[in-house]
Asker: 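Please see the structure below; I have some questions.
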Number of protein chains: 2
Amino acid sequence: MSNYQINNTPLDEMFKALSNPHRLALFNRLMNCCTPGTKCGVEAERFCVGELGEGLDIAPSTLSHHLKELNRAGLIQMERRGKHVECWLDPSVLTELSAFFKV
Amino acid sequence: MSNYQINNTPLDEMFKALSNPHRLALFNRLMNCCTPGTKCGVEAERFCVGELGEGLDIAPSTLSHHLKELNRAGLIQMERRGKHVECWLDPSVLTELSAFFKV
DNA sequence: TTGATAGTTCGACATATTTCGAATTATAGG
DNA sequence: CCTATAATTCGAAATATGTCGAACTATCAA
């Protein structure tokens with residue numbers, strides 16, 4: 001049944017995490033704040049939970065749930081910093097996902 | 001909310017199609033039969049429905065359903081040929097999906 | 001035309017997902 | 001210690017998904 005994994009997360013779980021429009025939007029925000037070619041996760045390339053959810057029109061509890069899913073799937077990193085929880089992308093995951101589809 | 005599309009299919013629907021282990025396995029079989037760098041869909045790089053489902057241990061109706069989903073998501077092509085229905089990948093979709101994750 | 005093989009459609013059922021609001025936890029500041 | 005802000009957890013409800021078997025359609029070959 002093929003069991004490809006990236007950083008110990010089965011691929012299908014990654015795709016499941018990206019299969020919801022809200023979660024994909026959150027993921028996209030983090031992708032777009034990443035300067036191409038540079039390491040993600042730098043100060044300026046982090047968003048806190050509240051910022052990420054802006055304009056998405058979902059309840060805080062729903063937002064929290066979705067970010068947790070993205071995190072469980074290994075797609076984003078999260079870390080508490082004072083009152084906020086910061087989120088950022090793991091660039092290596094992006095690279096591997098890109099490679100997966102490489103013809 | 002960002003609305004990326006590839007060939008008129010919203011990205012989140014593509015990921016949804018790939019989010020099921022069975023469907024991902026089917027997709028993988030088609031990917032692996034594609035000679036890297038060459039055009040997919042060539043005679044030798046097609047599988048009929050029955051072949052694709054071999055070893056997956058799912059009912060024919062379930063198999064049919066999953067392939068239909070992959071097709072609806074624009075990830076695979078399907079065409080009747082005599083008694084069989086042949087399936088193959090659209091390489092341009094692969095390229096675009098790969099590009100999406102490109103850092 | 002009849003039978004066999006390959007797939008699809010349909011209806012049903014169990015399970016999973018999405019979403020919310022209310023209650024809760026964590027932290028900083030007065 | 002008390003309050004406000006940020007986020008998470010929990011339980012409930014509505015909706016979606018995965019799966020099957022039975023019935024159906026399509027095609028080829030005798």
Side-chain angles (χ1 to χ4, degrees), chain A residues 1-3 9-30 43 46-89, chain B residues 1-3 9-30 33 43 46-88:
Chain A
M1 162 118 80
S2 81
N3 224 16
T9 304
L11 258 189
D12 65 279
E13 290 192 15
M14 294 199 163
F15 293 135
K16 174 163 320 199
L18 295 175
S19 75
N20 174 280
H22 286 143
R23 282 196 299 266
L24 183 56
L26 293 165
F27 182 78
N28 253 309
R29 286 194 182 178
L30 287 173
E43 199 73 10
R46 296 183 175 196
F47 270 132
C48 73
V49 171
E51 286 170 334
L52 274 176
E54 258 164 40
L56 240 49
D57 210 44
I58 51 177
S61 54
T62 305
L63 174 60
S64 184
H65 165 70
H66 283 320
L67 289 172
K68 193 165 142 190
E69 289 295 298
L70 286 168
N71 181 245
R72 282 198 326 126
L75 290 167
I76 69 170
Q77 307 288 311
M78 302 178 80
E79 194 175 63
R80 173 137 234 150
R81 189 148 177 176
K83 270 197 289 191
H84 298 263
V85 170
E86 295 185 336
C87 309
W88 70 97
L89 285 187
Chain B
M1 163 119 86
S2 79
N3 224 18
T9 304
L11 257 190
D12 65 278
E13 289 191 17
M14 295 201 161
F15 294 135
K16 177 165 315 202
L18 295 175
S19 75
N20 174 277
H22 287 142
R23 282 198 298 267
L24 183 56
L26 293 164
F27 182 79
N28 252 309
R29 283 191 184 182
L30 287 174
C33 82
E43 199 73 12
R46 296 182 176 199
F47 272 131
C48 73
V49 171
E51 287 171 333
L52 274 177
E54 259 165 38
L56 240 48
D57 211 43
I58 52 178
S61 54
T62 305
L63 174 61
S64 184
H65 164 71
H66 283 321
L67 290 172
K68 193 165 144 191
E69 290 294 299
L70 287 168
N71 181 244
R72 281 196 326 124
L75 290 167
I76 69 170
Q77 307 287 312
M78 301 178 81
E79 195 175 62
R80 172 138 235 148
R81 189 149 179 177
K83 271 196 290 189
H84 298 262
V85 171
E86 294 183 337
C87 309
W88 69 98

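As a basis for the values below, the full set of heavy atoms in this structure was taken, side chains included, without hydrogen atoms, waters or symmetry mates. Letters go in sequence order (proteins before strands), and every chain restarts at 1.
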Asker: What distance do A:His66 atom NE2 and A:Asn20 atom CG have between them, rounded to the nearest 0.5 Å?
Answerer: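 Answer rounded to 0.5 Å: 4.5 Å.
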Asker: Do any side-chain nitrogens or oxygens of B:His22 fall under 4.0 Å of OP1 or OP2 in D:dG18?
Answerer: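 Looking at the OP1 and OP2 atoms of D:dG18, neither is under 4.0 Å from any side-chain N or O of B:His22.
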Asker: What is the distance, rounded to the nearest whole Å, between atom NZ of B:Lys68 and atom P of D:dG18?
Answerer: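 Rounding to the nearest Å, NZ of B:Lys68 and P of D:dG18 are 13 Å apart.
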Asker: Taking only side-chain nitrogens and oxygens of B:Lys83, does any of them come within less than 4.0 Å of OP1 or OP2 of D:dT25?
Answerer: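 Looking at the OP1 and OP2 atoms of D:dT25, neither is under 4.0 Å from any side-chain N or O of B:Lys83.
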Asker: What is the distance, rounded to the nearest whole Å, between atom CZ of A:Arg80 and atom C1' of D:dA6?
Answerer: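 It works out to 7 Å between those atoms.
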Asker: Expressed as a whole number of angstroms, how long is the span from B:Arg72:CZ to D:dT17:C1'?
Answerer: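 So the CZ-C1' distance, B:Arg72 to D:dT17, works out to 12 Å.
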Asker: Grab the NZ-C1' distance between A:Lys16 and D:dG18 for me, whole Å please.
Answerer: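 Going from NZ in A:Lys16 over to C1' in D:dG18 covers 10 Å.
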Asker: In terms of relative ring orientation, are B:Phe15 and A:Phe15 parallel, tilted or perpendicular, with 30° and 60° separating the classes?
Answerer: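 Parallel, since the angle between the ring planes stays under 30°.
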Asker: What is the separation between atom CG on A:Leu67 and atom C1' on D:dT8, rounded to the nearest whole Å?
Answerer: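 Nearest whole value for this atom pair: 11 Å.
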Asker: Please report, rounded to the nearest Å, how far the C1' atom of D:dG18 is from the CG atom of A:Asp12.
Answerer: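 Result: 14 Å.
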Asker: Just the endpoints, please: which first and last nucleotides of DNA chain C, 5' to 3', lie under 4.0 Å from a heavy atom of chain A?
Answerer: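 Range of nucleotides touched by chain A: C:dT17 to C:dA28.
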Asker: Any side-chain N or O of B:His65 below 4.0 angstrom from OP1/OP2 of D:dC20?
Answerer: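 For D:dC20, neither OP1 nor OP2 has a side-chain N or O of B:His65 closer than 4.0 Å.
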Asker: For A:Leu63, report the nucleic acid contact type (base, sugar-phosphate, nothing); a contact means any heavy atom under 4.0 Å.
Answerer: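 Here A:Leu63 touches no strand at all.
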Asker: Roughly, in whole Å, what's the span from CG in B:Leu70 to P in D:dT17?
Answerer: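 In whole Å, D:dT17 P lies 14 Å from B:Leu70 CG.
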Asker: Taking for each residue the nucleotide of DNA chain C bearing the nearest heavy atom, is the 5' side occupied by B:Gly50 or by A:Glu69?
Answerer: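 Between the two, 5'-proximity favours B:Gly50.
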Asker: Could you check if a side-chain atom of A:Leu75 sits within less than 4.5 angstrom of a side-chain atom of A:Arg23, using non-hydrogen atoms only?
Answerer: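 No. Closest side-chain heavy atoms not under 4.5 Å.
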Asker: Looking at D:dT19, I'd like to know if its phosphate oxygens (OP1 or OP2) sit under 4.0 Å from a side-chain N or O belonging to B:Thr62.
Answerer: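 For B:Thr62, the contact criterion (side-chain N or O under 4.0 Å from OP1 or OP2 of D:dT19) is not met.
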Asker: Taking the side chain as C-beta and beyond, is there a heavy-atom pair between A:Arg29 and A:Glu54 under 4.5 Å?
Answerer: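 The answer is yes; the side chains approach within 4.5 Å.
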Asker: What is the separation between atom CZ on A:Arg46 and atom P on D:dA6, rounded to the nearest whole Å?
Answerer: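 Answer to the nearest Å: 19 Å.
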Asker: Can you confirm whether A:Met78 sits close enough to A:Val49 that some side-chain heavy atom of one is under 4.5 Å from a side-chain heavy atom of the other?
Answerer: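 Answer yes - side chains close enough.
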Asker: Of all the nucleotides listed (D:dA26, D:dT19, D:dC20), which has the minimum atom distance to the side chain of B:Asn20?
Answerer: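 The nucleotide sitting nearest to the side chain is D:dT19.
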Asker: Can you tell if the side chain of A:Asn28 reaches within under 4.5 Å of the side chain of A:Leu24, non-hydrogen atoms only?
Answerer: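 Side-chain contact under 4.5 Å: yes.
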Asker: What does A:Ile58 touch in the nucleic acid at a heavy-atom separation under 4.0 angstrom: a base, only the sugar-phosphate, or nothing?
Answerer: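 Sugar-phosphate contact only - A:Ile58 comes under 4.0 Å of backbone atoms but never of a base.
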Asker: Listing request: all salt bridge (charged side-chain N to carboxylate O under 4.0 Å, His left out) pairs with a residue in residues 69-80 of chain B, at least two apart in sequence or in separate chains.
Answerer: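 For residues 69-80 of chain B: B:Arg46-B:Glu79, B:Glu69-B:Arg72.
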